[in-house]
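Numbers here simply count residues along the sequence, with the first being 1. Quick note: numbers below take in every heavy atom, side chains included, and nothing from hydrogens, waters or symmetry partners. Remember, it's 1-based here, ligands and their atoms both numbered in the order they're listed.
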Amino acid sequence: MRSAINLHDFRAMARRKLPQIAFDFIDGGADDELGMVRNREAFSDYQLLPRYLNDVSTRDQSTTLFGRKYSSPIGISPTGMAGLFRVGADGMLAAAAKKANVPFLLSSASNFRIEDAAKIAPDNVWFQMYATSDHRINMDLVRRAREAKVGVLVITVDVPVNSNRERNRRNGFTRPFRMTPSIMLDTLSRPGWLLQYLKSGGMPMMSNWQPYAREGANADQVADMYGTLTPAPMTSWETVTAIRREWEGPLVIKGVLHPDDAIQSAEHGLDGIIVSNHGARQLDCAPSPISMLPAIRAAVGDRMTLMLDSGVRRGSDVITAKCLGAQACFFGRPTLYAVAALGQDGADQVFAIMRREIDAVLTQIGCGNFGDLTERFLHRKT
Ligand code: FNR
């Protein structure tokens with residue numbers, strides 16, 4: 001089995017495994033894809049200022065989120081349709097999260113049902129949902145998450161409209177999906193992927209939505225129905241209030257970038273925020289989450305748990321985010337690339353690599369305890 005040295009390696013490995021149409025679906029952003037570059041570059045606005053001659057012979061990188069202790073301050077962002085890149089990917093990601101004792105945010109657009117993912121990793125699975133245009137379905141998803149005993153519910157709010165992802169349009173990855181000669185050639189160039197795709201019955205089912213479709217609906221028909229329910233641009237703070245009323249556990253909002261929305265989140269009784277721009281897949285000209293984190297932390301103080309994703313690739317990124325107020329960071333694309341390239345072993349490697357990098361940086365900067373990181377360890381580029 002091949003090993004990656006760092007998270008970037010998984011991207012190159014996945015590119016060799018996946019047809020272009022699938023690779024681009026993961027890799028792409030919106031419009032000119034400038035936001036993706038900004039998400040990475042923004043981390044280099046900060047440097048870490050080491051302190052020496054502290055005893056760092058033991059280190060602790062655990063973090064506590066909503067009263068539960070996780071072994072590392074990292075986790076898996078929700079990503080829909082993971083089963084398209086590797087059959088059973090959602091289950092592999094859940095198992096990797098369990099093994100590493102970190103959160104796995106199961107997307108509502110996943111190919112595993114909430115109920116099944118929660119069985120694999122009962123202490124690690126969080127459930128992410130988009131509000132739909134159907135109030136009864138929203139409430140039913142909350143009920144199902146509760147009955148599956150999911151620990152944390154996450155509402156993603158940064159998709160009021162399907163964004164302009166030009167790679168998908170050029171490749172023909174649009175709905176309704178139509179097989180063309182060029183897509184056929186593309187998939188034939190990756191026979192390993194094609195074989196498992198065909199053996200598993202083709203397009204994977206968005207299983208969480210099957211109960212809301214007519215009986216016997218196939219994967220395409222379920223996806224079409226999902227497309228009529230989301231995006232739901234009428235979603236508002238009232239929707240959040242309705243979900244808050246139904247969900248007693250920790251409730252997190254994902255996709256907030258404006259400090260005023262962070263304040264609103266606190267006032268609407270939310271417990272946490274994932275500061276995120278959806279990996280620059282929605283609004284290309286949105287600021288990077290790391291650049292907005294200080295203002296959001298200042299706006300909400302200690303009232304809320306802050307987490308962050310979008311462009312996180314290194315242990316040092318996670319450390320920088322903690323110095324600016326985020327208790328944990330998540331990643332989307334890297335775990336998909338890893339599982340697409342190497343299956344279960346790839347998903348496991350992601351956490352081994354990140355654990356090692358976080359530990360090395362903590363040692364190098366003279367801070368033995370992740371929880372003790374503050375702005376004092378940061379140097380801002382001038
Ligand atoms: C996503 N993302 C996402 N977010 C969400 O809240 N629900 C979802 O269903 C999805 N689906 C999805 C699919 C794919 C293929 C990707 C790449 C991303 C966004 C994701 O949760 C996360 O915010 C970003 O991926 C983080 O940025 P990086 O780590 O990919 O740079």
Phe173 vs Phe177 aromatic rings, parallel, tilted or perpendicular, using cut-offs 30° and 60°?
perpendicular
Taking [atom] as the reference point, the nearest protein heavy atom with its distance:
| atom | result |
| --- | --- |
| atom 5 (C) of ligand 1 | Tyr130 OH, 3.2 Å |
| atom 18 (C) of ligand 1 | Arg281 NE, 3.4 Å |
| atom 24 (C) of ligand 1 | Gly279 N, 3.7 Å |
| atom 22 (C) of ligand 1 | Asp309 OD2, 3.1 Å |
| atom 11 (N) of ligand 1 | Gly80 N, 3.0 Å |

Are Ile76 and Phe25 linked, directly or through intermediate hydrophobic residues, by side-chain heavy-atom contacts shorter than 4.5 Å (ILVMFWY only)?
yes
Does Phe104 belong to the same Ile/Leu/Val/Met/Phe/Trp/Tyr cluster as Leu7, with side-chain heavy atoms less than 4.5 Å apart forming each link?
yes
Side-chain touch Asp271/Thr305, heavy atoms, less than 4.5 angstrom
no
Under-4.0 Å heavy-atom contact with ligand 1, by part of [X] that carries it:
| X | answer |
| --- | --- |
| Leu336 | side chain |
| Met81 | neither |
| Lys254 | side chain |

Check: Val56 main-chain N/O paired with Arg59 side-chain donor or acceptor under 3.5 Å
yes
Is NZ or CZ of Arg68 both nearer than 6.0 Å to the six-membered ring centre of Tyr70 and within 45° of the ring axis?
yes
Given Thr79, Leu7, Ile274, Ile26, which has its nearest heavy atom closest to atom 12 (C) of ligand 1?
Thr79
Nearest-option assignment for atom 21 (O) of ligand 1, heavy atoms, candidates Pro78, Gly332, Gly29, Ala109
Pro78
Short list, please: which atoms of ligand 1 are under 4.0 Å from a heavy atom of [X]?
| X | result |
| --- | --- |
| Thr156 | 5 (C), 6 (O) |
| Phe331 | 29 (O) |
| Gly311 | 27 (O), 28 (P), 29 (O), 31 (O) |
| Ser107 | 8 (C), 9 (O) |
| Ser276 | 23 (O) |

Quick one: does Arg313 get a heavy atom under 4.0 Å from ligand 1?
yes
Ser108 and Asn208 side chains, donor-acceptor separation under 3.5 Å:
no
Is there a polar contact, in the sense of an N or O pair closer than 3.5 Å, between Phe330 and ligand 1?
no
Determine, for [X] against [Y], whether the closest basic-nitrogen to carboxylate-oxygen distance falls under 4.0 angstrom.
| X | Y | answer |
| --- | --- | --- |
| Arg314 | Glu357 | yes |
| Asp27 | Arg333 | no |
| Asp31 | Arg165 | no |

Show your working on side chain to side chain donor-acceptor pair (under 3.5 Å) between Gln349 and Asp345 and close with a plain yes or no.
CA-CA 6 Å; Gln349 280 187 37; Asp345 188 55; 2.8 Å; yes
